[in-house]
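In what follows, chains carry the letters A, B, and so on, assigned in the order in which the sequence lines appear, proteins first and then strands, with residues in each chain numbered from 1.
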There are 2 protein chains.
Amino acid sequence: MSGMASRTRGPERRREPLSRERIVAAAVELLDTVGESGLTFRALAERLATGPGAIYWHVAGRSELLAAATDAVLTAAAVGDGPDATPHETVRALALGLFDAIDDHPWVGTQLVGTPSQSPMLPVFEQLGRQVRALGVPRGAWFSAVSALWNYILGVAGQNAANARMPQPATADRTAYLGSVADDWAALDADRYAFTRAVAGQLREHDDRAEFLTGIDLILTGITAHRWPTG
Amino acid sequence: MSGMASRTRGPERRREPLSRERIVAAAVELLDTVGESGLTFRALAERLATGPGAIYWHVAGRSELLAAATDAVLTAAAVGDGPDATPHETVRALALGLFDAIDDHPWVGTQLVGTPSQSPMLPVFEQLGRQVRALGVPRGAWFSAVSALWNYILGVAGQNAANARMPQPATADRTAYLGSVADDWAALDADRYAFTRAVAGQLREHDDRAEFLTGIDLILTGITAHRWPTG
DNA sequence: ACCTGAACACCGTTCAAGT
DNA sequence: ACCTGAACACCGTTCAAGT
């Protein structure tokens, strides 16, 4: 009873011992609130009520910390594939799970495009691949087909991360921001930028998430319709 | 006469005056040789035989410098569209031009995915868009269709940049590196990673450039085959 | 107008010293 | 074993002072 009480004593100042878990959690919080450039060993140390050196006992350095934070977010966002779902539906669910995770934690996008050995992404790659296989793509084209989905997803991730890195005042009101870019487009030279001008309205009204899904559908259509070399 | 002589005295130590152009050229050289983290105002100043402060007279700061360097490379790589080319061929040429530019200057990839207001990329966007239009995509779907191509291209750019950022010793021999990753894949759990294992051989033998083009073809196939909502 | 280079306010990382 | 925090070797950027 007193044991339980001491374990749940509430928001006391008594510091819990440092641990990799606590450090990573604090890092994620910092990344979410102040962005990638705000993740500083000094800021992190302050938040954990310790010195910067202490962190190095549990984590090798800044890049390992970023990787661990990414891993934590992606693990939490892991998608289970419904048993009765079509390959198409499963790919959509998978891609949407990633999209939403990156929407909540834009720095993950930067991390994903910046990490070539995508260890935390390997399960995603596997799942995407299985759906490609289920779509009837010839074996010799499996790698190409997943790569297309893969690169598209990472491309969107990177763009989202870039948007989130922009100065806050400019992007605080997303629709206002899109509107101003659309205005810029609409003001371009009528001959040299005829297409961009014509599409300014669609930029203004587009929904990132829906657009992302349309791209997925498009690539899936391409994967099934493409005349793959028999292999 | 003495004036001319003094202007063309040859490779003397006499320093040319600083200029935005010279600074950007030196920055590109530095980025190509020592990578993005090697672009330092001190290193740049040394190369230009001046102090770090001098650079700020011509350039607002580091990020403007990176943008200017990217702009310089992309302008040099600008592709003219052949007059008799099909939309499909033009998209391929455009995408390939970008791919090769990023292959030569991987830091450009980082820069492109990191810059949302893609001013130096606007002409590329316009060209891609015109081809989409020429493919007969309904007007209401123009934006979605270019976006898919766009995000795919930027995704590949980001991946290439990430690969180039990896520690040199590991990636000096590209085929050896791919081989080792393929070995890792082949050693994965047979049940949970059946697809990834099956595709390890294709990873080992794949050609980045060809793979990239396959993805472009795939998306173009999707764009033409997709059942766009009429609009 | 343009350049110089010391100085400022930061970083990530290390390490002797503590407990 | 784990933590502390000063110190080191860097950064980008500023700015008084020079020419």
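- Relative orientation of the Y152(A) and F212(A) rings is parallel, given thresholds of 30° and 60° on the angle between their planes.
- Atom CG of D183(A) and atom CG of L188(A) lie 11.0 Å apart (nearest 0.5 Å).
- Between the side chains of T90(A) and R130(A), no donor N or O sits under 3.5 Å from an acceptor N or O.
- Between W57(B) and dC2(C), a side-chain N or O to OP1/OP2 separation shorter than 4.0 Å is present.
- Summarising the local packing, CD of E46(A) is surrounded by 12 or fewer heavy atoms from other residues, nucleotides or ligands at distances under 6.0 Å.
- Relative orientation of the Y56(A) and F41(A) rings is parallel, given thresholds of 30° and 60° on the angle between their planes.
- I55(A) comes within 4.0 angstrom of nothing in the nucleic acid, heavy atoms only.
- Whole-Å rounding puts the L65(B) CG to dG12(D) C1' distance at 12 Å.
- Rounded to a whole Å, the CG atom of L39(A) is 7 Å from the P atom of dG12(C).
- Per the geometry, CD belonging to E36(A) stands 14 Å off P belonging to dC11(C), to the nearest Å.
- At whole-Å resolution of the value, CG in L48(A) and P in dG5(D) are 14 Å apart.
- Between I23(A) atom CD1 and dG12(C) atom P there is a gap of 14 Å when expressed in whole angstrom units.
- Residue contacts for L44(A): at a heavy-atom cut-off of 4.0 Å it reaches no nucleic acid atom on any strand shown.
- Minimum heavy-atom separation, P52(B) to A45(B): N-CB, 3.5 Å.
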Once each nucleotide of nucleotides 13-19 of chain C is scored for protein heavy atoms under 4.0 Å, what B/S/- sequence comes out, 5' to 3'? BBB----
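- Going from atom CD of E16(B) over to atom P of dC3(C) covers 12 Å, rounded to whole Å.
- Remark: of the listed residues D103(B), L154(B), I153(B), V156(B), I153(B) is the sole one forming a side chain to side chain contact (heavy atoms under 4.5 Å, CB included) with L98(B).
- For DNA chain D, the stems formed by at least three consecutive Watson-Crick or G-U pairs, with both atom-pair distances below 3.5 Å, span C:4-8 with D:12-16, C:12-16 with D:4-8.
- Using modelled atom types, one finds no donor on one side chain facing an acceptor on the other under 3.5 Å when comparing S147(A) with N151(A).
- Atom CZ of residue R192(A) and atom CD of residue E126(B) lie 9.5 Å apart, to the nearest 0.5 angstrom.
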